[in-house]
Q: 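Provided herewith is a single structure, encoded as structure tokens, for subsequent inquiry.
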Amino acid sequence: MTGRQDIPRLVLFPQTAEVNQKDHLVIGGCDAVALAEEFGTPLYVFDEVGLRRRCAEFTTEFRQRYPDTTVCYSAKAFSTKAMLQLVKEEGLDLDVVSGGELGIALSVDFPAERIHFPGNNKSAEELETAIQCGIGHIVVDNPYELDMLREIAGNRKVNILLRLSPGIDPHTHRYNTTGTVDSKFGFTRSTWDEAVATALAAPNLNVDGLHFHIGSGIFEMEPYEKAIEVVLEYAAAIKQKHHLEIRVLSIGGGFGVQYTLEEAPPPIATWAEVIVNKITSQCRELELSLPKLIIEPGRAIVARAGVALYRVGVIKDIPNVRCYVCVDGGMGDNIRQPMYGARQEALVANRVAARETGKVTVAGKYCEQGDILIEEISLPAVKAGDILALADGGAYCVPLQSNYNASPRPAIVFVREGKARLIRCRETLQDLTRCDIV
Ligand SMILES: *Cc1c(COP(=O)(O)O)cnc(C)c1O
């Protein structure tokens, strides 16, 4: 086996990634080239050990510093039945943002009281389903929803958190920024007082606490600290005015992930240290009792555990311009580059240790010039038939997939200790036309 020191990019691949004697990439004890043969490409491969370790790491690092922490996996990062089953087994709570995600969770018997439901424009039907199943919390986002929920709840009692927009910029991509003043998410500052008064006066709403979520892919500590400060100060104001202390504080998710060798986010232990210190010192200062803490990581749990495998086809080398390496997937299975300008790294899975020979652009097979997986990457010489492995493919790839160009969405396997388990079949032509009517 080749060590990580020989192949720097391996640190971006799943925790169990290694290289075997054939110079093939191995994940969860499975040869990636063999997986591509067996299940076809594009193929999404998830390292089950890595997924479980991340769940445990968040829980341990936060609870050893702040025992009353609930780790709540944000389903929208990756939410197949097998994944939600795994999250259930690991004892995490779950965040869902739609009736669809809630439905998947309930279909694997995820305990409803461990599910929380944020979202900026929930439908009456979604709220009704959530109440009926006995959801843990509805994270109320805006005045319209608050009114709607009071109405729909009727004579049932619903636990809620109020999502405040704290007006903090986490310095991430504009599309990944959710807690600034100019955001569609959460109660704007000027509406906080009324929201709290209205919610507290509603006999069918149980206001458990406050929620914020400032964005995604965050590398800095300071935005969290600032948001905690703003929101706990407001909790103190609520205490003064309504003689009532919040029982729950959710600080959302957004913890960044290492997508490149140049830039790494802090480890979970550091996030935990800084966040917990801020909450405890701020509560002490404001004479608030320590609330239950909810954290809602999505990306940071799944990103690194997932790898996308593609087969290389056409190579179009335009002298002095660019060399396109075209693979059999692209924006239909991973739209992160076109949508956010996201950067991911890759290895040639069947020749991992080969010397890099030059820069190429990895493009997909979809009929859009913007269908790019990697804008520029240094790779060994590639040829048709090679298997390209894209790192950090676990978060926000699968859930954003489409059937553009009538492409079936790829199969997904969980790998563990040398065994691969198919957890989603590749779509077929029948699937593509299943809802069509002639
Ligand atoms: C998307 C989302 C998260 C998870 O964000 P990540 O960046 O994947 O950690 C957490 N909470 C809420 C409310 C969200 O909308």
Side-chain angles (χ1 to χ4, degrees), residues 51 54-55 57-59 61-62 69-79 83-84 87 92-98 100-102 105 114-122 126 130 135-142 145 160-166 168 170-180 183-187 209-221 223-224 227-228 231 248-259 265-266 268 271-272 275 293-306 336 339-340 342 392-400:
L51 288 172
R54 287 298 273 183
C55 292
E57 203 184 343
F58 267 106
T59 308
E61 294 295 348
F62 274 86
T69 304
T70 296
V71 182
C72 181
Y73 170 64
S74 180
K76 73 176 187 286
F78 174 59
S79 57
M83 179 62 198
L84 299 194
V87 172
L92 270 55
D93 277 26
L94 193 69
D95 245 20
V96 298
V97 293
S98 70
E101 286 178 357
L102 177 59
R114 278 167 47 196
I115 305 178
H116 314 275
F117 194 172
N120 73 304
N121 190 19
K122 305 176 194 78
E126 286 173 322
I135 199 135
H137 287 110
I138 289 183
V139 183
V140 181
D141 193 272
N142 53 67
E145 184 181 308
I160 66 163
L161 301 176
L162 293 171
R163 177 169 180 172
L164 306 183
S165 172
I168 304 288
H171 306 125
T172 176
H173 190 281
R174 183 167 69 83
Y175 288 179
N176 281 331
T177 295
T178 56
T180 50
S183 166
K184 69 171 181 167
F185 296 102
F187 285 93
L210 302 174
H211 176 286
F212 67 81
H213 170 67
I214 50 180
S216 194
I218 300 168
F219 277 55
E220 298 171 23
M221 305 282 179
Y224 287 94
I228 289 167
V231 170
V248 176
L249 171 69
S250 174
I251 60 152
F255 312 105
V257 159
Q258 182 174 10
Y259 283 102
I268 297 174
W271 288 114
I275 286 166
L293 170 64
I294 299 184
I295 56 165
E296 305 171 355
R299 186 191 305 276
I301 286 186
V302 288
R304 188 178 159 199
R336 297 185 60 256
M339 192 152 135
Y340 309 120
D392 284 312
Y396 300 104
C397 294
V398 172
L400 281 161

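Every number for a ligand or one of its atoms is a count from 1 in the order of the listing. What's counted below: heavy atoms across the whole structure, side chains too, no hydrogens, waters or symmetry copies. Since this is a predicted model, take the numbers as computed values, not measurements.
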Q: Can you tell me how far CG of Leu161 sits from NE2 of His116, rounded to the nearest 0.5 angstrom?
A: 8.0 Å
Q: Counting only N and O atoms by type, is there a donor-acceptor contact under 3.5 Å from the side chain of Arg54 to the main-chain atoms of Ala300?
A: yes
Q: Number the atoms of ligand 1 from 1 as they appear, then name those within less than 4.0 Å of a heavy atom of His211, with their elements.
A: 13 (C)
Q: Are the side chain of Asp141 and the backbone N or O of Gly186 linked by a donor-acceptor pair below 3.5 Å?
A: yes
Q: Would you please classify the geometry between the Phe58 ring and the Phe255 ring as parallel, tilted or perpendicular, with 30° and 60° separating the classes?
A: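 Tilted: the ring planes of Phe255 and Phe58 meet at 30° to 60°.
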Q: Arg163 heavy atoms, cut-off 4.0 Å: which ligand 1 atoms fall inside?
A: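 Close to Arg163: 13 (C).
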Q: Are any of the side-chain heavy atoms of Val87 and Leu94 separated by less than 4.5 Å?
A: yes
Q: Indicate yes or no: does an N/O atom of Lys76 lie under 3.5 Å from an N/O atom of ligand 1?
A: yes
Q: Does ligand 1 have an atom that lies less than 4.0 angstrom from a heavy atom of Pro297?
A: yes
Q: Polar contacts were defined as any N/O atom of the residue lying under 3.5 Å from an N/O atom of the ligand; does this apply to Gly298 and ligand 1?
A: yes
Q: For a salt bridge (charged side-chain N to carboxylate O under 4.0 Å, His left out) check, start with the C-alpha distance between Glu145 and Lys122, then their side-chain angles and the critical distance, and finish with the verdict.
A: CA-CA 8 Å; Glu145 184 181 308; Lys122 305 176 194 78; 2.7 Å; yes
Q: Would you say ligand 1 has an N or O under 3.5 Å from any N or O of Ser74?
A: no
Q: Which ligand 1 atoms does Pro118 reach within 4.0 Å, using its non-hydrogen atoms?
A: 13 (C)
Q: Do His211 and Glu296 have side-chain atoms, one donor and one acceptor, less than 3.5 Å apart?
A: yes
Q: Heavy-atom distances under 4.0 Å are what count here, so tell me which part of Val139 touches ligand 1: side chain, backbone, both or neither.
A: neither
Q: Which protein heavy atom lies closest to atom 13 (C) of ligand 1, and at what distance to 0.1 Å?
A: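 Looking at atom 13 (C) of ligand 1, the protein heavy atom closest to it is Glu296 OE1, 3.4 Å.
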Q: Give a yes or no answer on whether the side chain of Glu61 reaches the backbone of Glu57 with a donor-acceptor pair at less than 3.5 Å.
A: no
Q: Give the residue and atom name of whichever protein heavy atom lies nearest to atom 7 (O) of ligand 1, and the separation in Å to one decimal.
A: Ser216 OG, 2.3 Å
Q: Which option, Arg299, His116, His213, owns the non-hydrogen atom nearest atom 5 (O) of ligand 1?
A: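 Nearest heavy atom to atom 5 (O) of ligand 1 lies in His213.
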Q: Using heavy atoms and a 4.0 Å limit, tell me yes or no: is Tyr396 in contact with ligand 1?
A: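 The answer is yes, since Tyr396 has a heavy atom less than 4.0 Å from ligand 1.
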